[in-house]
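This report refers to the structure that appears directly beneath it.
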Protein chains: 2
Amino acid sequence: MKKPQNTKPDGQGQASAKPANKKISKGQKTRQQLIEVAASLFQKQGFHATGIFDIAEAGNLPKGSIYYHFPGGKEEIGAAAVAFAGGQIAEALEELAGKAKDPADLMTKAAALLGDVLVESDFQGGCPVCLVALEVAGKAEPIRLSALEAYARWQAIIEKHLCRFGMEKKKAAAQAELAIAAIEGALILSQVQRSPAPLRRLARQLTLSLA
Amino acid sequence: MKKPQNTKPDGQGQASAKPANKKISKGQKTRQQLIEVAASLFQKQGFHATGIFDIAEAGNLPKGSIYYHFPGGKEEIGAAAVAFAGGQIAEALEELAGKAKDPADLMTKAAALLGDVLVESDFQGGCPVCLVALEVAGKAEPIRLSALEAYARWQAIIEKHLCRFGMEKKKAAAQAELAIAAIEGALILSQVQRSPAPLRRLARQLTLSLA
DNA sequence: CACCTTTTAGAACAGCCGGTCTATTATGGG
DNA sequence: CCCATAATAGACCGGCTGTTCTAAAAGGTG
């Protein structure tokens, strides 16, 4: 985790002079693609087991070029990937929350979704936010912050949903936090057991405490 | 993860001929010590971020000697460390279960214990079982099995405790699984938030669903 | 087309990692 | 006290890692 500095694309570069942002300069597109493949790799293999080379290869780029898009190195990629993955899950959760007919339904559907992803990936696709955040705990603040935001957002979505079905705000917040923790934990159990059963059972059990 | 082979201490060596097991051959003691320091390092830094050298150093041994005690290399150390850490937590849990005046009390005390460990380690000491297991998911079966056993044991302890307080077996099993998942998840939230609050709130919330 | 910027290519590097090997030193039963 | 064995010491290796650097190509605007 050194501190390199390139002929910088400004990180999120808003202020280039001449041939700049009409829409999204090719570089931003490449950067986004790299974030996506990185998120996928981190989810399956974890942060430390995924090399810069792996990410570059998956993005069809020589590994040296990675540092053009991410001057901050692996840490910057990690933070971006966690933020992206967290956002993806938030979006999925929001969609489910919109369609669910009640909180119990939401829990069941969310657990089912995570279980499906897990099974389809041969139990490699757990929660990327959790895995990466724990791996670098205390060593990469930007990554922690990305994870923090992801969890807050998920919790807010569930909390809002609970409120919508008549739960008072205070209780909803606590229940939402329990739901996030329980699902996260059940995902781990499912991964370790190589079975979606824990996730399924948890949804049922969580539902009971919601009644 | 290669497959080395030494002039073997038989892994758990029961069958040496001449100068063998009166009590615990010094080697077994060293091995145990290595497992303990490895477990501690894995808990704080994770599996991949912890080098063989780190473990050797912490055990006051040159790194080459590690392979005398663990012919299976890092994977064997990992499996042993996870099993050990899992056992330690199980023992602590059993002690708490013995002293707790009811299930709610057990949850509260368990969460408090984990929270204390977390805070004292500057939020580096999460759950080693979870972290290591996720890091090597799909790549080191022995480690997965160690984690599996740990979770099963924890769950059994809680289940038994719930039964002791009058819950029917089936429901107790489901509640115990929820408790494990929720605590595990809350530990992650606490670590990411750098605050023991999630763990504390979860214990309260879990208690409600127990009533 | 000319020209400056953005972006990619790919080599190079120092350092570390897991693992192996052999020589040496403790250990402890006979 | 002897001697086989257990255990430690420490050098060594090939390979990989994150990172840096410079040169070339692509891109797009005037």
Sub-4.0 Å heavy-atom contacts from residues 37-46 of chain B onto DNA chain D, ordered by number
none

In this structure, CD of A/Gln155 is separated from CD of A/Gln175 (nearest 0.5 Å) by 11.0 Å

Atom-to-atom span, [atom1] of [X] to [atom2] of [N] - whole angstrom:
X       : N      : atom1 : atom2 : answer
B/Ile52 : D/dG10 : CD1   : P     : 18 Å
B/Leu61 : C/dT25 : CG    : C1'   : 13 Å
A/Glu75 : D/dT17 : CD    : C1'   : 17 Å
B/Tyr68 : C/dA23 : OH    : P     : 18 Å
A/Asn60 : C/dA9  : CG    : C1'   : 13 Å
B/Leu34 : D/dA9  : CG    : P     : 11 Å
A/Lys74 : D/dC16 : NZ    : C1'   : 12 Å
A/Gln32 : C/dT7  : CD    : P     : 14 Å

B/Gln28-B/Gln32 side chain donor-acceptor pair, cut-off 3.5 Å:
no

Indicate whether OP1 or OP2 belonging to [N] is found under 4.0 Å from a side-chain N or O atom of [X].
X       : N      : result
A/His69 : C/dT8  : yes
A/Tyr67 : D/dT19 : yes
B/Thr30 : D/dA7  : no

Categorize B/Gly64 for me: base, sugar-phosphate, or nothing, with a 4.0 angstrom heavy-atom threshold over every strand shown.
base

Please give me the minimum heavy-atom distance between B/Ala186 and B/Leu202, naming the atom from each residue.
CB-CB, 3.9 Å

Going by side-chain hydrogen bond (donor to acceptor under 3.5 Å, both in side chains), name the residues that satisfy it together with [X], two or more places apart in sequence or in a different chain.
X        : result
A/Glu141 : A/Arg144
A/Gln43  : none
B/Gln205 : none

Would a 4.5 Å heavy-atom cut-off, applied to side chains only, mark A/Ile188 and B/Tyr151 as touching?
yes

Any non-hydrogen side-chain atom of A/Ile77 less than 4.5 Å from a side-chain atom of A/Leu34?
no

Decide yes or no, distance alone: a donor-acceptor N/O pair under 3.5 angstrom between the base of D/dA7 and the side-chain of B/Ser65.
no

Does any N or O donor sit under 3.5 Å from an N or O acceptor when you compare the side chain of A/Lys63 with the base of C/dG10?
no

For B/Arg194, check salt bridge (charged side-chain N to carboxylate O under 4.0 Å, His left out) against everything at least two apart and list the hits.
B/Asp122

Taking five pairs at each terminus, the helix from C/dC1-D/dG30 to C/dG30-D/dC1 shows an axis bend, to 10°, of 20°

